[in-house]
Amino acid sequence: MDNKKNGIPKLRFPGFTGAWEQRKLGEVGKTFTGLSGKTKEDFGHGDAHFVTYMNVYSNPISDPNMVENVEIDTKQQEVKKGDVFFTTSSETPEEVGMSSVWLSDAPHIYLNSFCFGFRPIVNIFNPYYLAYLLRSNNIRNKMMILAQGISRYNISKNKVMKLNVTIPNIREQQKIGEFFKQLDFLIALHQRKLEHLQEQKKGLLQKMFPKNGETVPEVRFPGFTDAWEQRKLGEVGKTFTGLSGKTKEDFGHGDAHFVTYMNVYSNPISDPNMVENVEIDTKQQEVKKGDVFFTTSSETPEEVGMSSVWLSDAPHIYLNSFCFGFRPIVNIFNPYYLAYLLRSNNIRNKMMILAQGISRYNISKNKVMKLNVTIPNIREQQKIGEFFKQLDFLIALHQRKLEHLELMKKGLLQQMFV
């Protein structure tokens, strides 16, 4: 028996057995428009506020703080607690018809002009249930079908009002709504923890490595007092190029691998699994454990010269052609220290200055080799490298937890609604 066709979701809380009622949205509420007749000069001041497009797009339950100032205007429709907002236009069909429920009692709140509102006139919805019902796979798939356009997609509020929605009894609605409310709270909690760790790392990359021209960092581990040595990169290593003379047909097969551009860009320590197949070619330079890779080209100066240290002993590994390699010839670096040194604010700022271009930015490996780097004694390097290694491990752990929760929510939105 197909439960969905019989008004029964695949997954339910114990104690609920009856089929769910189906009603068209237009039978249980009425629409209203967002702000109209406004110019740029009307925004950014005033004692009223409007709910932003990104608030509606991002949040099943609207964030009462994601509002912006506008003058009070009695000709405009104010929103009320329990109203639902829908996005009407976007560059992709996946973003059209995203919904958000407003649960604030604040006065003088309007809706932005790129959304329309829906006000239930029949008190049959738990607001949290309605919020997640409208974000469920079934409704989102229907919204995407309704999206019309080529370069930009729009949706008709009249067609949205013809959509069927499923309505269990109010007790089951409350149970479902509260469950997803708590799940979103848990996701937000892990998101905040992740952002806190990322901000902490960002601050420490600034404080634990000397600023330009200085030889002592702002923050150090106890027991270390000596000034740090300065050397040019070109004095302590040599460069090599990535793959050359290849065509599209050479990739995707073979017993060798190459380190991808995104691997270098994304990871201070290269991920040995972020490689792709290529044929063994004895004319190419194989990478070795301890090598450093640098991105040479990007659409923004902030992304040029991103570095990554390779710590694998795997054979037949090459570097992609959009990066160049650096092999230390003097054994004075702890690899983890070097990885985070090259991601520190001081070095990143220097890299951005070296980036040349307009629509696309490039960096000269010869100029990179002239950069000064700071070198403490090996014990202090090990301490710093291990600290950032553990911090990155913690960040990755929270990232995986967050991804797991978001994946679980996605699956439950599919199984807990008809």
Side-chain angles (χ1 to χ4, degrees), residues 29-120 127-128 130-131 134-135 140 143 147-158 160-161 181 184-185 187-189 191-192 194-196 198-199 202-203 206 299-303 345 349 352 358-359:
K30 291 185 176 179
T31 62
F32 60 90
T33 58
L35 288 168
S36 61
K38 297 292 181 184
T39 65
K40 287 183 180 179
E41 288 69 29
D42 294 317
F43 299 102
H45 53 85
D47 297 323
H49 295 87
F50 69 92
V51 182
T52 65
Y53 177 95
M54 281 308 297
N55 193 348
V56 178
Y57 174 76
S58 305
N59 303 302
I61 302 295
S62 304
D63 182 345
N65 298 309
M66 284 180 72
V67 294
E68 294 184 9
N69 287 88
V70 68
E71 293 286 351
I72 294 174
D73 185 345
T74 55
K75 297 176 183 177
Q76 305 292 334
Q77 173 78 63
E78 290 192 15
V79 307
K80 292 182 179 180
K81 183 177 181 179
D83 284 350
V84 184
F85 312 135
F86 293 92
T87 62
T88 58
S89 180
S90 186
E91 293 178 357
T92 67
E94 290 81 10
E95 295 181 1
V96 176
M98 294 295 281
S99 55
S100 187
V101 176
W102 182 256
L103 293 182
S104 169
D105 283 317
H108 309 309
I109 306 291
Y110 309 113
L111 179 59
N112 73 83
S113 58
F114 297 101
C115 296
F116 73 87
F118 169 75
R119 182 167 294 160
Y128 286 97
L130 182 57
L134 295 173
R135 292 272 179 148
R140 289 303 310 142
M143 290 288 187
Q148 300 292 314
I150 300 173
S151 61
R152 191 162 188 89
Y153 293 82
N154 298 280
I155 200 166
S156 159
K157 64 182 176 182
N158 293 328
V160 172
M161 288 301 103
K181 176 185 174 183
D184 263 358
F185 175 81
I187 288 171
L189 186 67
Q191 183 67 53
R192 287 194 296 272
L194 178 62
E195 289 169 357
H196 172 72
Q198 289 169 334
E199 281 299 310
K202 183 179 178 181
Q206 186 170 356
E299 292 177 359
T300 67
E302 291 80 11
E303 295 181 359
N345 293 52
N349 289 338
M352 284 188 276
I358 300 174
S359 61

Donor-acceptor contact below 3.5 Å, side chain [X] vs main chain [Y]:
X      : Y      : result
Asn55  : Asp63  : yes
Thr87  : Val56  : no
Arg135 : Arg140 : no
Asn69  : Gly46  : yes

To the nearest 0.5 Å, what is the distance between [atom1] ([X]) and [atom2] ([Y])?
X      : Y      : atom1 : atom2 : result
Glu303 : Met352 : CD    : CE    : 11.0 Å
Glu71  : Lys38  : CD    : NZ    : 8.0 Å
Thr31  : Asp83  : OG1   : CG    : 11.0 Å

Any heavy-atom pair between the side chains of [Y] and [X] that's under 4.5 Å?
X      : Y      : value
Val79  : Phe32  : yes
His49  : His108 : no
Ile109 : Ser104 : no
Ile61  : Lys181 : no
Phe43  : Leu35  : yes
Gln76  : Val70  : no
Tyr53  : Ser90  : yes
Ile72  : Tyr110 : yes

Could you tell me which non-hydrogen atom of [X] sits nearest to which non-hydrogen atom of [Y], and how far apart they are?
X      : Y      : value
Glu91  : Arg152 : CG-NH1, 3.3 Å
Glu94  : Met98  : O-SD, 4.0 Å
Glu78  : Arg119 : O-NH2, 3.1 Å
Leu130 : Pro120 : CD2-CG, 4.4 Å
Gly117 : Leu111 : N-CD2, 3.5 Å
Val84  : Val101 : CG2-CG2, 4.0 Å

Self-check item: Derivation of the side chain to side chain contact (heavy atoms under 4.5 Å, CB included) call for Trp102 and Ser100
Solution: CA-CA 7 Å; Trp102 182 256; Ser100 187; over 6 Å; no
Quiz item: Would the number of heavy atoms belonging to other residues, nucleotides or ligands and lying under 6.0 Å from CZ of Phe114 be above 12?
Solution: no
Quiz item: How far apart are the C-alpha atoms of Phe118 and Val160, what are their side-chain angles, what is the distance that settles it, and do they pass the side chain to side chain contact (heavy atoms under 4.5 Å, CB included) test?
Solution: CA-CA 10 Å; Phe118 169 75; Val160 172; over 6 Å; no
Practice problem: Would you check, one step at a time, whether the test side chain to side chain contact (heavy atoms under 4.5 Å, CB included) holds for Glu195 with Glu199? | Solution: CA-CA 6 Å; Glu195 289 169 357; Glu199 281 299 310; 5.6 Å; no
Self-check item: Criterion side chain to side chain contact (heavy atoms under 4.5 Å, CB included) on Ile155 and Phe86, from CA distance to verdict
Solution: CA-CA 10 Å; Ile155 200 166; Phe86 293 92; over 6 Å; no
Quiz item: Do Thr52 and Asn112 have a side chain donor and acceptor closer than 3.5 Å?
Solution: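 Side chains of Thr52 and Asn112: no pair found under 3.5 Å.
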